[in-house]
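Atoms considered below: every heavy atom in the structure, side chains included; atoms not considered: hydrogens, waters and symmetry mates.
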Amino acid sequence: MSAATPDSAAAAKRPIDPSHADPSPAAKLQRSSPPDPSPPAEAQGDTTYGGGEVAGVRSGEMAGARNPQAQRYLVAVEYVGTRFSGSQQQLNQRTVVGVLEEAFHKFIGQPVSIFCSSRTDTGVHALSNVCHVDVERISKRKPGEMKNEGDIMVTDVRCVAPDFHARYKALERTYHYRLLSGSEPLSVFEKTSAWHIPEDLNVQAMKANSPMRTLDELSVTEVFPSMFFPSSMERSEMESLDGHLVYSRTSVVESSGKGSDASSTSEQSRFENGEEFGKRLRHRCFVVTARARSFLYHQVRLMVGLLKSVGTGDLTTEDVERILNLKAVTAAPPMAPACGLYLANVKYDLSV
C-alpha cells in the first residue's frame, strides 16, 4: 500500500483560497447535499465517517457519468478548519469543497466538481484530506500548479484511473486528537488547535479503558507540547512494554511544573526572580490516534470525550463498560470539541 504521491510535474505545497472574506458565523453542519447514491459493490457496508464527519459523494457522481475527455486527479489538501463551515458544499457558507471548486474554476476556466474521501465538520482540521476531480484535457494546467493563498493548501497531486473514487477506494483513515492538560490558560496560538483540559490527566487510566473495539488502533501518546503528531513507528518507539514513555520528558516535566518538589521549586524560583518573566508554562500534550477503514458519526470525538472523563477521574472502568456494552450514547460524557481533531491521513493502494 502507498499513500498518494506527487505528480511528476508539480505538487509543491501551496495554500488555496480565492477569497479572504470572513465566512458567515459557523452554523451546525447541515446536509444540504442530496443523499449519497448507493456505493459500488466493493464499498457495500462502508459506513465511512470521519471522527464525526461523514464521508459522502453527491448524487451526480455515479461511475458512468464522466466526461471521456477528462483526466481524473487525486488531490491531497490540508487546511485549518476554523473558518470553514465543514468540508461539504453548503448554501451561503464557506466550505472546503466550495473554496476548492472556485479556485479550480478560476484556474482552469472550467467548472469542476470536487469529491472528498472524508467529510469534516465545522472547526475540524485536516493534515491530509484527499479528493478527486476531473479536468478536461483541453486545459494544459494541472491541479498542482494552482497559485494559491489562504488557510487551505494542495500538498499532493496524482493522475489516477477514470473510475478511481477518493471515498470508496480508501483503505484506511487516521485521525489525531490533541489535548493540552494544565491549569495555565491556553496560548492564543493553541485555542483553535487543541482541547484544553485544566485538570491533570491520568494517561494510564485512559489507556487501560480505551474503547477501541472495532478500530485498528486507538492509542494515547504523550508528546512534546508543540504541533507534533507521532507516526506509527514513533508511537511504538515512544512506549515501553508497561506503557510508560521512553523518551526524555525532563524539559516537559520541568516546564510544566509536574516534576519533583526540587524541580518545581527551581521553576518557581526562576519565575519569582524574573528569569522567566513573560514565558508561559508548558502544558502536557496528549495525542489520541484513531485508525480504521471507516468511522461512525462523531465516533472519534465521542471516544475522546470518554477518554478525557476517564483521565480526570469522572468515569470509572465500570462506567466505561456500561456505556460501551449498552451503547448508551446518551449516558456518555459530552463529546470533545471539533478544534482538537485532525484528519491525518487517507491510505490507498495506487499500485493497481
Enquirer: State which residues pass salt bridge (Lys or Arg N to Asp or Glu O under 4.0 Å) with Glu184; sequence neighbours excluded, sorted by chain then number.
Expert: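 By the salt bridge (Lys or Arg N to Asp or Glu O under 4.0 Å) rule, Glu184 matches no residue at all.
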Enquirer: Determine the minimum heavy-atom distance between Cys116 and Cys131, stating which atoms define it.
Expert: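 Taking every non-hydrogen atom into account, CA-CB, 3.8 Å.
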Enquirer: For Arg94 and Val99: C-alpha separation, side-chain torsions, deciding distance, then whether side-chain contact (heavy atoms from CB on, under 4.5 Å) applies.
Expert: CA-CA 7 Å; Arg94 182 175 184 264; Val99 167; 4.0 Å; yes
Enquirer: Decide whether Val130 and Phe164 are clustered together by the hydrophobic rule: side chain heavy atoms of Ile, Leu, Val, Met, Phe, Trp, Tyr closer than 4.5 Å, transitively.
Expert: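 Yes.
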Enquirer: Could you give the distance from NE2 (His165) to CG (Asp163), rounded to the nearest 0.5 Å?
Expert: 10.5 Å
Enquirer: Return the set of residues passing ring-ring contact (aromatic ring centres under 6.0 Å, His included) with Tyr79 (not counting sequence neighbours), or none when no residue passes.
Expert: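 With sequence neighbours excluded, Tyr79 shows a ring-ring contact (aromatic ring centres under 6.0 Å, His included) to Phe84, given in chain and number order.
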Enquirer: Nearest 0.5 angstrom please: Leu307 CG to Met206 CE, how far?
Expert: 5.0 Å
Enquirer: Under 3.5 Å, side chain of Arg293 to main-chain N/O of Glu172, donor-acceptor pair present?
Expert: no
Enquirer: Once rounded to the nearest 0.5 Å, what's the spacing between atom SG of Cys159 and atom CZ of Arg72?
Expert: 12.5 Å
Enquirer: Got Phe104 and Ser113 here, is their nearest side-chain heavy-atom distance under 4.5 Å?
Expert: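 The answer is no, as the side chains (C-beta and beyond) never meet within the 4.5 Å cut-off.
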Enquirer: Taking all non-hydrogen atoms of both residues, which atom of Val304 and which atom of Ala336 are closest, and how far apart?
Expert: CG1-CB, 3.7 Å
Enquirer: How far apart are the C-alpha atoms of Cys339 and Lys191, what are their side-chain angles, what is the distance that settles it, and do they pass the side-chain contact (heavy atoms from CB on, under 4.5 Å) test?
Expert: CA-CA 8 Å; Cys339 61; Lys191 287 185 176 180; over 6 Å; no
Enquirer: Assess the residue pair His132 and Phe115 against the criterion (ring pair (Phe, Tyr, Trp, His ring centres under 6.0 Å)); give the C-alpha distance rounded to whole Å, side-chain angles, the decisive distance to 0.1 Å, and a yes or no.
Expert: CA-CA 6 Å; His132 71 254; Phe115 302 100; 5.3 Å; yes
Enquirer: If you take all heavy atoms of Val220 and Lys207, which pair is closest and at what distance?
Expert: O-CE, 2.9 Å
Enquirer: Do the side chains of Leu315 and Pro333 get nearer than 4.5 Å, heavy atoms only?
Expert: yes
Enquirer: Closer than 3.5 angstrom, by distance alone: can the side chain of Tyr342 be matched with the main-chain N or O of Ser193 as a donor-acceptor pair?
Expert: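 Side chain of Tyr342 to backbone of Ser193, a donor-acceptor pair under 3.5 Å: yes, one is there.
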Enquirer: For Thr155 versus Val77, what's the shortest heavy-atom pair and its separation?
Expert: OG1-N, 4.1 Å
Enquirer: Just by modelled atom types, is the Ser117 backbone N or O under 3.5 Å from a matching donor or acceptor in the Arg173 side chain?
Expert: yes
Enquirer: Sub-3.5 Å donor-acceptor pair from the side chain of Glu136 to the main-chain atoms of Gln110, do we have one?
Expert: no
Enquirer: What I'd like to find out is whether the side chain of Thr122 reaches to under 4.5 Å of the side chain of Gln93, using heavy atoms alone.
Expert: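 With C-beta onward as the side chain, the pair stays apart.
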Enquirer: Taking the side chain as every heavy atom from C-beta outward, state whether Trp195 and Lys308 have any pair of such atoms under 4.5 Å apart.
Expert: yes
Enquirer: What heavy-atom pair brings Thr192 and His125 nearest, and what distance separates the two atoms?
Expert: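 Reported closest heavy-atom pair: O-NE2, 2.7 Å.
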Enquirer: To the nearest 0.5 Å, tell me how far Tyr73 OH sits from Asp134 CG.
Expert: 10.5 Å
Enquirer: Would you kindly confirm whether Leu180 and Val203 end up in one hydrophobic cluster when ILVMFWY residues are joined by side chain heavy atoms under 4.5 Å apart?
Expert: no
Enquirer: Taking the side chain as C-beta and beyond, is there a heavy-atom pair between Val124 and Leu343 under 4.5 Å?
Expert: no
Enquirer: With clusters defined by side-chain heavy atoms of hydrophobic residues (ILVMFWY) lying less than 4.5 Å apart, directly or transitively, does Leu341 cluster with Val80?
Expert: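 No, Val80 does not connect to Leu341 through the hydrophobic network.
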Enquirer: Examine distances only and state if a side-chain atom of Gln204 and a backbone atom of Gly311 form a donor-acceptor pair shorter than 3.5 Å.
Expert: no
Enquirer: Measuring from Tyr175:OH to Gln299:CD, what's the distance to the nearest 0.5 Å?
Expert: 10.5 Å
Enquirer: Using only atom types and a distance under 3.5 Å, with no angle test, would you say the side chain of Arg284 pairs donor to acceptor with the backbone of Asp200?
Expert: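 Not confirmed, Arg284 side chain does not pair with Asp200 backbone.
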Enquirer: Could you walk me through whether His283 and Ser181 pass the side-chain hydrogen bond (donor to acceptor under 3.5 Å, both in side chains) check?
Expert: CA-CA 5 Å; His283 297 82; Ser181 171; over 6 Å; no
Enquirer: If you apply the rule side-chain contact (heavy atoms from CB on, under 4.5 Å), what do you find for Leu74 with Leu350, and how did you get there?
Expert: CA-CA 10 Å; Leu74 199 63; Leu350 299 178; 4.1 Å; yes
Enquirer: In Å and rounded to the nearest 0.5 Å, what is the NE2 to CD distance from His196 to Glu190?
Expert: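 Reported value, rounded in 0.5 Å steps: 10.5 Å.
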Enquirer: Between the side chains of Glu318 and Thr316, is a donor N or O closer than 3.5 angstrom to an acceptor N or O?
Expert: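 Distance-only check passes for Glu318 and Thr316.
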Enquirer: Working note: Asp121 + Arg301, criterion side-chain contact (heavy atoms from CB on, under 4.5 Å); need CA distance, chi angles, decisive distance, verdict.
Expert: CA-CA 11 Å; Asp121 280 343; Arg301 290 166 62 188; 3.7 Å; yes
Enquirer: Identify the two heavy atoms, one from Val135 and one from Ile108, that lie closest to each other, and give their separation to 0.1 Å.
Expert: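 Reported closest heavy-atom pair: CG1-CD1, 3.7 Å.
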Enquirer: Run through Leu218, Thr174, Leu215, Asn345 and flag the one making a side chain to side chain contact (heavy atoms under 4.5 Å, CB included) with Arg291.
Expert: Thr174
Enquirer: Do the side-chain N and O atoms of Asn129 and Ser118 include a donor-acceptor pair separated by under 3.5 angstrom?
Expert: no
